[in-house]
Enquirer: 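Sending over a structure as structure tokens; questions will come in a sec.
For the numbers below, each heavy atom of this structure counts, side chains included, while hydrogens, waters and symmetry mates do not. Letters A, B, ... are given to chains in the order of the sequence lines, protein chains preceding strands, and every chain is numbered from 1.
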Amino acid sequence: MVETVRVKTMMPPGHVRTPAYLRGKYGVIERKLGEFANPERAAYGLKKEMQPLVRVRFSMQEIWGDAAENPDDTLDAEIYVHWLEKGVDEIGGVTDAP
Amino acid sequence: MGGQDTDAELPDDHDFALWEKRVDALMVLCSTKGYFTVDGLRRAIEDMGEDAFETMSYYERWVAAVNQNMIEADAYTLAELGARMEQIKVRGTTYGEASDG
Amino acid sequence: MPHDHHDDDFHHSGMSPSGHPYREDDDHPLTYWQTMEIAMRELLIEKGILTPAEIATQIDEMDSREPANGAAVVARAWVDPAFKERLLADASEASREMGYDIGPLRLIALENTADTHNVIVCTLCSCYPRNLLGLPPDWYKSRSYRSRVVKEPRKVLAEFGLTLPDGTTVRIHDSTADMRYIVLPARPNGTEGWSAENLANLVTRDSMIGVGIPKSPA
């Protein structure tokens, strides 16, 4: 079952590891990676907090639109789950929880 | 960063200078010993701002970031660092002369 | 009595993994940041946080990590299908099998196929499979590469001299968190029966990052 997600659009300052070029983009979960220490806390010497991490695959079409060199090329990035929203299917409804 | 700098050319390789290797070693050793995390290092570099990418080389940014993190870890004080840097400056005019090797 | 003076005969003589002598520091004016490095190192030693031996050992270990290590892993995957499966399932464990210490980070091997070509980047900083391949090249750490390869990868690959066959899909991997990546390039044609050792000589660093492919047999 392919799980569509969308990267949140928020733009907080400081040490976040969700690249700006992916904010607001839709992708699919390529694989789940397990839990890792949240870098947003580690960067400031705060107590370690384990968070689930996934690899999300985006099409270049989705990221760059008409500017994409080749729309079907892909980009995979590791995104912490707290940065992801559930995807929206073609009809426009919200998908069920995974 | 992704998608931003679309005109720039790719730099050629350079071999690493000894002082750069030492900065790298200090980073690995001090983070392994728990004084800071790689996240802290990255955060310190990001906090230097975009200008740092124009005015400083890769390992210059790293030594500044390692130092920032070690200060935050209370490994030594700014006064100690400043005093030592003043002493080092008068040892000689090149890295070779100034580091005791 | 006169004697020969070797240019690289200073504290850390020898060649860097690229085959060139270390860049000479000695005849350039001491910089603020070099002064900081010396001061930090001395203070950390005086305070008992580090020892000179640890620093020297760490530098030696870094020097021992070079693309040839990754090439050996790739070559073994080419000759040993069971190893290749293990590599694709858990590249950290497979590398450890061969005696390479990947450290705590997780390594993922990405297989190039007839219609898929993988390329690695870290847009946010310069994450790289250092423990297997050694220190990353300058271009990998440059803003130019980091910003352009996620947007116009084929143009960047062309600048590296690589044009992909029609129908190839390019997959970029942005190393944003705790994973590290190595590309498992396709085995060159005309190498049937070759030993892993000879195959390893065809595997370039650039082919394991994805901006190149292995050399062809002569």
Enquirer: Does any heavy atom of chain B fall under 4.5 Å from the side chain of A:Ala42, the backbone, both, or neither of them?
Expert: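 Interface part for A:Ala42: both.
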
Enquirer: Which donor-acceptor pairs lie under 3.5 Å between chain B and chain A?
Expert:
unit_1: B:Thr37; atom_1: OG1; unit_2: A:Ala42; atom_2: O; d: 3.3
unit_1: B:Arg43; atom_1: NE; unit_2: A:Ala43; atom_2: O; d: 2.9
unit_1: B:Arg43; atom_1: NH2; unit_2: A:Ala43; atom_2: O; d: 2.9
unit_1: B:Glu46; atom_1: OE1; unit_2: A:His15; atom_2: ND1; d: 2.8
unit_1: B:Glu46; atom_1: OE2; unit_2: A:His15; atom_2: ND1; d: 3.2

Enquirer: Sequence neighbours left out, what passes side-chain contact (heavy atoms from CB on, under 4.5 Å) with B:Thr93? Give chain and number order.
Expert: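 side-chain contact (heavy atoms from CB on, under 4.5 Å) list for B:Thr93, sorted by chain: B:Glu97.
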
Enquirer: Name the region of A:Pro19, side chain, backbone, both or neither, that has any atom closer than 4.5 Å to a heavy atom of chain B.
Expert: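 Contact with chain B is absent: no heavy atom of A:Pro19 under 4.5 Å.
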
